[in-house]
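When a ligand or atom number is given, it counts from 1 through the structure's own listing order.
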Amino acid sequence: MSELIQAVINCEEKSDLRSFISEIRHQEKRYLLRNDILSTYADYCVKHQKSGDFIQSSNLSKLIYYTQEILQEDGNLCLIIRPKIASQEVYRLTDDLNAEELTVQELLDVRDRFVNRYHPNEGDILELDFQPFYDYSPAIRDPKNIGKGVQYINRYLSSKLFQDPRQWLESLFDFLRLHQYEGSQLLINGQIQSQQQLSDQIKKALTYVGKLDREEPYEKFRYALQPMGFEPGWGNTAGRVAETLEILDELIDSPDHQTLEAFISRIPMVFKIVLVSAHGWFGQEGVLGRPDTGGQVVYVLDQARSLEKQLQEDTTLAGLDVLNVQPKVIILSRLIPNSDGTLCNQRLEKVHGTENAWILRVPLREFNPKMTQNWISRFEFWPYLETFALDSEKELRSELRGNPDLIIGNYTDGNLVAFLLARRMKVTQCNIAHALEKSKYLFSNLYWQDLEEKYHFSLQFTADLIAMNAANFIISSTYQEIVGTPDSVGQYESYKCFTMPELYHVVSGIELFSPKFNVVPPGVNETYYFPYSRWEDRTESDRNRMEELLFTQEDPSQIFGKLDDPTKRPIFSMARLDRIKNLTGLAECFGKSPELQEHCNLILVAGKLRVEESGDNEERDEIEKLYGIIDQYNLHGKFRWLGVRLSKTESGEIYRVIADHQGVFVQPALFEAFGLTILEAMISGLPTFATQFGGPLEIIHDKVNGFYINPTHLEETAEKILDFVTKCEQNPNYWYEISTRAIDRVYSTYTWKIHTTRLLSLARIYGFWNFTSKENREDLLRYLEALFYLIYKPRAQHLLDQHMHR
Ligand code: UDP
Ligand code: LCN
């Protein structure tokens with residue numbers, strides 16, 4: 001990049017650079033983000049009548065394209081440049097056009113100075129640096145392979161391991177001896193005492209099972225294999241046992257990474273899984289749409305269901321029915337005594353449609369019953385996590401009659417609890433972010449002190465750093481959740497280097513090239529969400545009820561607005577009513593376009609209708625704002641707002657009824673980490689317009705199976721929807737084309753079956769590598785513990801003191 005800067009400085013573009021800098025100086029903003037930089041540059045090009053050629057291919061244009069941020073300081077500009085995904089360079093550009101490269105430390109100082117929180121005379125600030133812990137572990141080289149960690153680690157470690165055949169065979173032998181289920185030995189027993197004997201016995205067993213009918217059930221020859229040294233776990237039929245033994249035989253004779261993966265994927269080593277989803281209303285009925293309760297709950301419930309099913313299939317295939325193995329999945333959440341009509345005050349609730357998946361709710365200790373008896377916003381939840389983890393450990397051990405095999409955390413709080421539990425129970429830890437608030441709230445770290453009272457980001461970001469570094473593996477829903485796109489920073493990437501002024505500087509917060517990252521997108525519950533055209537699976541009475549609810553029913557307690565012409569094409573959206581979901585933006589976009597109003601009605605399912613009924617600040621603000629927009633643009637007669645809480649069956653049907661009317665779904669969030677409603681709408685057959693900021697960029701292919709919108713450009717968004725509607729009016733086939741492709745997209749890529757097969761294979765492979773490579777992470781974990789006790793805990797205690805005085 002320095003060459004590019006030098007090229008701009010040294011060529012005839014120097015004067016352009018000078019006048020562009022002067023343009024920047026005239027900006028009121030001293031801290032420009034990419035959007036500001038691009039629009040200032042666009043204005044500059046218009047004002048100076050720059051040619052298309054210049055705009056397309058000048059060095060200055062290239063430099064601007066890569067520049068993520070510009071900070072102005074004493075006449076100098078600090079340029080933060082992202083020359084490629086997951087990398088950053090910083091330059092100071094002086095008045096006389098000298099460019100010098102800045103270190104990360106210098107950049108963080110510049111940022112601190114920007115907010116007047118730089119105090120070098122008072123000593124150095126604490127620097128957090130995780131890089132040394134990653135220096136000796138394998139790292140992916142090519143950014144395009146980020147998020148494919150397991151493939152990489154498998155190849156890398158196999159080749160290392162296979163270099164020393166003796167050690168490799170020893171590790172494999174030790175690994176095979178390890179497995180038990182509630183005291184019963186699996187795979188091999190004491191008859192096999194060495195790796196050499198293992199190899200001989202495999203051949204013997206293969207000869208034996210080779211003579212049996214392939215379909216012969218395992219229980220019929222179980223006791224013939226036992227004296228040879230083989231216990232249950234190899235397969236449920238003679239054919240399956242033979243296959244697994246053959247794979248092992250091949251692995252011993254001529255190891256390669258594919259055979260290793262195939263073998264490990266068959267090893268029964270995961271039976272009990274804990275999913276931690278601590279905050280919010282976690283339940284199966286009447287909880288969705290509340291503040292803090294949305295996609296994460298849907299995701300975790302569906303994942304639990306699908307994991308249980310997959311575990312059952314796997315244990316049956318492994319022949320473990322003879323031991324009566326019953327896999328168990330526990331969702332750990334908090335118990336909320338004042339549960340407002342939901343079941344969140346019940347200790348144990350079975351997950352519908354499963355045999356052995358449960359929601360286990362553990363109450364918070366009663367530090368302050370006014371708080372702990374009630375729902376607590378995720379932003380205020382921090383002081384309760386450590387004791388919650390301690391109490392949960394006991395409950396989990398008694399429910400599971402031992403330790404789980406895998407703990408998966410969800411969201412910052414769940415991930416921190418998963419870290420504490422996994423550390424104490426010595427279990428593999430997996431992280432799922434769902435949403436990292438750091439990138440959701442602009443400048444949330446730089447101005448953390450001003451936001452602390454409301455959001456407590458100092459606790460959240462510290463917890464994020466601890467949990468994401470501690471996790472054995474992380475699954476993300478998209479690639480860009482990790483490292484963004486060529487022109488936008490990823491959510492995990494935003495933790496790489498940042499300042500928390502006066503608290504600490506993070507010079508390397510996470511290794512983005514670490515193979516711990518794996519992209520495993522979620523699915524959608526196909527029992528409730530399916531294409532509108534599957535008439536045979538739809539219930540007429542539900543359909544009529546939803547039809548009425550959407551278009552005509554009058555019930556001021558939960559419905560606002562009456563449609564003048566209910567037959568107009570519906571534009572539909574459904575989301576929690578928070579600022580980032582931006583339903584108010586969609587209403588405004590609709591309000592600004594009389595043409596769109598001529599063709600369509602706008603129907604929203606969102607939150608509550610009355611400020612007094614909401615206990616959440618953001619929700620209250622949004623309710624007021626929405627009423628303001630309705631009046632300002634006089635949307636009466638064209639707009640309906642349903643403040644209802646729908647059951648799953650109803651919400652599935654509601655998308656389909658919109659599709660019956662050839663409507664569209666719009667997801668206008670200012671940022672969306674993934675966006676389950678997009679999958680729900682698409683599988684139902686709705687042409688979907690979704691924000692271009694975040695996960696939807698990977699779900700949808702623009703203009704192929706849906707459309708991108710920029711929710712900050714309201715007129716342009718209205719124009720895009722109008723354009724689609726007009727095209728459909730001219731050519732009714734167009735709606736069907738997009739609708740069909742949307743359905744296909746979900747079925748081909750976003751199913752829970754794909755998700756859980758992959759997740760379980762990850763759990764096994766990481767489990768195997770943790771065992772064989774004896775990866776020593778103790779130094780890292782000790783560092784994280786220090787962070788927890790020295791930074792997180794005192795701050796959490798301080799917040800608890802505040803709560804006690806409420
Ligand atoms: N949802 C709902 N009722 C509402 C709002 C949302 O049932 O009033 C459901 C919606 O169907 C989806 C989930 O909540 O399954 C929202 O997930 P998404 O990933 O879109 O957003 P999140 O709320 O997690 O940010
Ligand atoms: C949280 C979000 O904000 C959504 O974008 C995701 O779809 C959801 O969690 C499930 O991961």
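A distance of 12.5 Å separates CD of E672 from CG of L697, quoted to the nearest 0.5 Å. Here the OH atom belonging to Y750 is positioned 13.0 Å from the NE2 atom belonging to H755, to the nearest 0.5 angstrom.
Considering backbone and side-chain N/O atoms, R576 comes within less than 3.5 Å of an N/O atom of ligand 1. Considering backbone and side-chain N/O atoms, E680 comes within less than 3.5 Å of an N/O atom of ligand 1. Taking distance alone, with nitrogen or oxygen atoms compared against 3.5 Å, L288 stays at or beyond that limit from ligand 1.
Nearest to atom 16 (C) of ligand 1 by heavy atom, out of P291, G295, A606, is G295. If you check each of G695, A575, G675 against atom 6 (C) of ligand 2, the one with the closest non-hydrogen atom is G675.
Ligand 2 lies nowhere less than 4.0 angstrom from a heavy atom belonging to S477. Between K581 and ligand 1 there is a heavy-atom distance shorter than 4.0 Å.
Ring planes of F707 and F689: parallel class, angle under 30° (limits at 30 and 60°).
Taking every heavy atom of A673 and a limit of under 4.0 angstrom, the matching atoms of ligand 2 come to 5 (O). Counting atoms of ligand 2 from 1 in the listed order, those under 4.0 Å from a heavy atom of G295 are 8 (C), 10 (C).
Using a 4.0 Å cut-off between heavy atoms, F674 contacts ligand 2 through both its backbone and its side chain. Contacts of A673 with ligand 1, taken as heavy-atom pairs under 4.0 Å, are absent altogether. At a heavy-atom cutoff of 4.0 Å, ligand 1 is contacted by both the backbone and the side chain of T677.
Among protein heavy atoms, atom 10 (C) of ligand 2 sits closest to H434 ND1, 3.3 Å. The protein heavy-atom contact nearest to atom 18 (P) of ligand 1 is L676 N, 3.5 Å. Looking from atom 8 (O) of ligand 1 to the surrounding protein, the closest heavy atom is G289 CA, 3.6 Å. Regarding atom 5 (O) of ligand 2, its nearest protein heavy-atom neighbour is E672 OE2, 2.3 Å. The single protein non-hydrogen atom nearest to atom 6 (C) of ligand 1 is M574 CG, 4.0 Å, given as residue, atom name and distance.
Salt-bridge formation is not detected for the pair E548/R545: no Lys NZ or Arg NE/NH1/NH2 atom is positioned less than 4.0 Å from an Asp or Glu carboxylate oxygen. Taking the charged nitrogens against the carboxylate oxygens, D616 and R576 have no contact shorter than 4.0 Å, which rules out a salt bridge. Electrostatic pairing of E588 and K625 does not count as a salt bridge here, judged by no charged N lying under 4.0 Å from a carboxylate O.
A side-chain contact (heavy atoms from CB on, under 4.5 Å) with K562 holds for exactly one of E554, Q553, H636; it is E554.
In this structure, G663 and P687 approach most closely via the heavy-atom pair O-CD, 3.6 Å.
The ring of F639 has its center no closer than 6.0 angstrom to the ring center of F590. Aromatic ring centres of F457 and F461: separated by under 6.0 Å.
A donor-acceptor contact shorter than 3.5 Å links the side chain of R620 to the backbone of S614.
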